[in-house]
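Just below is one structure, and these are the notes that go with it.
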2 protein chains.
Amino acid sequence: MSRTSNPIAARTASPVQRQLRPTAKVLPEHARAHNRSLVLGHLFHEGPSSRADIARSTGLTRVTVSDLVAALLAEGLVADLGVRAESRVGKPATLVGLRSSEHHVVVVDLADDATVHGAVMTLVGDVVVREHVTGAGATGTAAVTLVEDLCRRLVERASRPVIGVGISSPGVIDAGGRVVEAPNRGWYGEPLAARLTGVLGLPVHVANDANTRALGEYTYGGAAADAMIVTVGQGVGAGMLVDGALVRGRGHAAGEIGHVTVVDEDTAGETPEPCACGRTGCLETVLSAPALRRRTAGLTPQDADATLASVGRMLGRALAPVVSALNLAEVLLSGPPELLDGSLREAVATTLRDRTMPVIGHDLRVRMAALDEDAALAGAAVLVLSGQLGIT
Amino acid sequence: MSRTSNPIAARTASPVQRQLRPTAKVLPEHARAHNRSLVLGHLFHEGPSSRADIARSTGLTRVTVSDLVAALLAEGLVADLGVRAESRVGKPATLVGLRSSEHHVVVVDLADDATVHGAVMTLVGDVVVREHVTGAGATGTAAVTLVEDLCRRLVERASRPVIGVGISSPGVIDAGGRVVEAPNRGWYGEPLAARLTGVLGLPVHVANDANTRALGEYTYGGAAADAMIVTVGQGVGAGMLVDGALVRGRGHAAGEIGHVTVVDEDTAGETPEPCACGRTGCLETVLSAPALRRRTAGLTPQDADATLASVGRMLGRALAPVVSALNLAEVLLSGPPELLDGSLREAVATTLRDRTMPVIGHDLRVRMAALDEDAALAGAAVLVLSGQLGIT
DNA sequence: TTTGTAAGGAAGGTCTACTAACAAACATGT
DNA sequence: ACATGTTTGTTAGTAGACCTTCCTTACAAA
């Protein structure tokens, strides 16, 4: 074997260079914030607990937990709930609990072109106030103003301290809340989060609607840590969860699967249809809610089922490589149940199992998303919980 | 809109429950370890630097960096290189550098069924010693003993302190170095890392060979942080990098794309062939090195190119959903260049661009892997660098 | 009543990184 | 030649964060 051209050896003289990622230093206070999030996360997921419970769960000592809880009590995020009712051996525990109804989150969903939906929510996702504005056709700065006004009204109507604002929008959105590209609102490089923070004086988080849905399903809907949530509405999108974290991708466009080609000339029983994007045979031409309705309109239930199953098989074909490459635990379908939760979903499941090796397809679950139409709002709330409190 | 069945609201009484991941507490010493890795990582990627350089790069103060460097000097991981040659304004800087040739890593590659390849490497991936054992047919415990003996010999032949052992093996391997399933060696649930650590008294890291290749390409080969490295050899595998981290997947089987179905009855110009896995039309039946050689044997160069292009199109079809879902920056092909680096690679690239939306396919790169046949060994070394020094 | 167990708090110690201040060593301008 | 400004690396002191150890409180079980 010739080793002279070893590219590793060739680099020995000069160091191994790479575009350095902004790896952040860690200060003691960051450790503190992390452990604080651990405590909050425990209370969020497990409910009222004693300090000793939290200590066991987090691995921190009781002393440290007491200290953190004291700080949280002072902040008002946590409340003393008195002694635990059930009594075991030893000194009875005093419970502390997250004051989830004593803090509010303002959330906005921009998925609907005609109407902007907003709400005030508690930390556990209960809707306290609901508002909407009809902003048909508003684009550019006008659309930003629309969102601004809605947020302001919601903040005013919140009866508790508002922890932050979460916004779910279609389009390509970067981690800093800048809308890189959202054709439906005419936003290109719009610094939405920064602008709203300036106006409202509150932390604002913005993310793609398919991604927020995925977050919502993970936090409130029991989705697995390695999952794909396919959202079917006017278009088709997806949120990807890998190891419990949202995948954003190189250009912040992860999950944009609506315009993957799935219908070819040689696809049995199908003809590629033109897509709004200018190409043909895109997933959206067969799987979007309008496309599904159009394709099943006027058919007998049997024929409609067959049609839906056919679409399910196409989706399954497309997802099989994704499921295999990431070894996903779950594929969730979010959208109209009358279209998705039947032969379509079953066809996706069987196709995925047929087209992947057993170790991949064996314990893969294909199910409907657990959350209803408020999933995007709930996910927007998770943006805030995650960003401000570290709860995931 | 009916909101009564809101599953979020329904959960308000009980807390939001989920399978808790082992979220680790962070102690001051962990912060220290993290910052230490930051210093080492800077020296690894940027080469000899002054303490002030490191401080600017990491965001830590010069005082802290001096302290960390002092500790690393005491450990012998870093050396004082004297004053910088070029002189600028101000006090001349004293350079410190990673003593990459003064420490060794022992690496083993188990991809070859007939021979086990091993090497002693420096921290920058230079091969110092090369050894191999012919272990045709060794399985189960005998195969473990084979690896054990090879490691021991390599450790003995290492002329510098050995930081750890890295092993690259086909099969499904969990994060703790347990081989869940490796049919070629007859390993099922084999705790390889633990066993070797016990015998050698050194830190041992084990990972799937496609994954180690991906790590090697990332660290030594300049691969992007969001990339897929497709490895073509006896079979077909892949390593997935998302945000610079290896994806392991729900059942540690991420990257197992060799048995995704890519050939159907309706695939133009192709007939599904039976696969060793018992199904038909798997990616391995067309893309493995033997399959490619068989399909192109005896053909004119033009016909061979057409055949390779056809396989490239099939691969492109399979990868388009993956590239879209994750918004990957790069797809790397690792394997025989005479088969892959031509019409096949070009077909993959054009197919991917044709079948994805512009925002996804626009700046996607499809190229050959930068590292040669030692890529797996280099990746195994990265396992150790990453696990012991925190360098990625 | 005694014993054992568990919860929570107080005191003291160690570790970590920061700020402030300074000396050393050099380039540059007058 | 000499003062000035710049950059480096170190010393000293401070604040934060978590730990270990010990104590008190409160209850169940024997």
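Side chains are part of it too, since the values below use all heavy atoms of this structure and drop only hydrogens, waters and symmetry mates. Throughout, protein chains are lettered first and strands after them, A, B, ... in sequence-line order, and every chain is numbered starting at 1.
- The phosphate of dT7(D) (OP1 or OP2) has no side-chain N or O of S50(B) nearer than 4.0 angstrom.
- In the model, D53(A) has a side-chain atom that pairs as donor or acceptor with a side-chain atom of S50(A) under 3.5 Å.
- T197(A) places a side-chain N or O within donor-acceptor distance of the main-chain N or O of A193(A), the cut-off being under 3.5 Å.
- For dG9(C), one of the phosphate oxygens OP1 or OP2 lies less than 4.0 angstrom from a side-chain nitrogen or oxygen of S66(A).
- For the OP1/OP2 pair of dG8(C) and a distance below 4.0 Å, the side-chain nitrogens and oxygens of T94(A) include at least one atom meeting the criterion.
- In this structure, NE2 of H34(B) is placed 10 Å from P of dA17(C), rounded to the nearest angstrom.
- Residue R51(A) is classed as a sugar-phosphate contact, given heavy-atom separations below 4.0 Å to backbone atoms only.
- Atoms CZ (R84(B)) and P (dT8(D)) sit 8 Å apart, rounded to a whole Å.
- Between I54(B) atom CD1 and dT8(D) atom C1' there is a gap of 13 Å when expressed in whole angstrom units.
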Requested in this report: Give the intermediate values and the outcome of side chain to side chain donor-acceptor pair (under 3.5 Å) for residues R51(A) and T94(A).
Outcome: CA-CA 8 Å; R51(A) 292 166 176 81; T94(A) 59; 3.2 Å; yes

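- As a whole-Å value, the separation of L27(A) CG from dC18(D) P is 13 Å.
- Rounded to an integer number of Å, the gap from CG of L38(A) to P of dC18(D) is 11 Å.
- Listed candidates were dA17(C), dG8(C), dT8(D). Nearest to the side chain of K91(B) is dT8(D).
- Between K25(B) and dC19(D) there is a side-chain N or O to OP1 or OP2 distance below 4.0 Å.
- Side-chain polar atoms of H42(B) and T58(B) form no donor-acceptor pair below 3.5 angstrom.
- Atom NE2 in H30(A) sits about 13 Å away from atom P in dC18(D), given to the nearest Å.
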Would you mind writing out the side-chain donor-acceptor pairs for residues 200-207 of chain B within the sub-3.5 Å range, not counting sequence neighbours?
residue : atom : partner : partner atom : Å
H205(B) : NE2  : Q388(B) : OE1          : 2.7

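- Residue whose closest nucleotide on DNA chain D sits further toward the 5' end, between V63(B) and D53(B): D53(B).
- For the OP1/OP2 pair of dT6(D) and a distance below 4.0 Å, the side-chain nitrogens and oxygens of R88(B) include no atom meeting the criterion.
- Annotation: side chain of M121(A) is in contact with side chain of L377(A) (closest heavy-atom distance under 4.5 Å).
- Between T61(A) and the phosphate of dC18(D), there is no side-chain N or O to OP1/OP2 separation shorter than 4.0 Å.
- Under 4.0 angstrom from either OP1 or OP2 of dC23(D) there lies no side-chain N or O belonging to R62(A).
- Across all strands shown, R36(A) has no heavy atoms under 4.0 Å from either base or sugar-phosphate atoms.
- Out of dT8(D), dT5(C), dC18(D), the shortest distance to the side chain of P28(B) is found at dC18(D).
- Contact annotation: N35(B) reaches the phosphate of dA17(C) (side-chain N/O to OP1 or OP2, under 4.0 Å).
- Comparing P92(A) and A31(B) by the nucleotide of DNA chain C whose heavy atom lies nearest to each, the residue mapping closer to the 5' end is P92(A).
- Among the atoms of the strands shown, none is found under 4.0 Å from any heavy atom of D67(B).
- The interatomic distance linking R56(B) (CZ) with dG9(D) (C1') rounds to 12 Å, in whole Å.
- One atom, CG of L95(B), and another, P of dT8(D), lie 11 Å apart when rounded to the nearest Å.
- Between R32(B) and the phosphate of dC15(C), there is no side-chain N or O to OP1/OP2 separation shorter than 4.0 Å.
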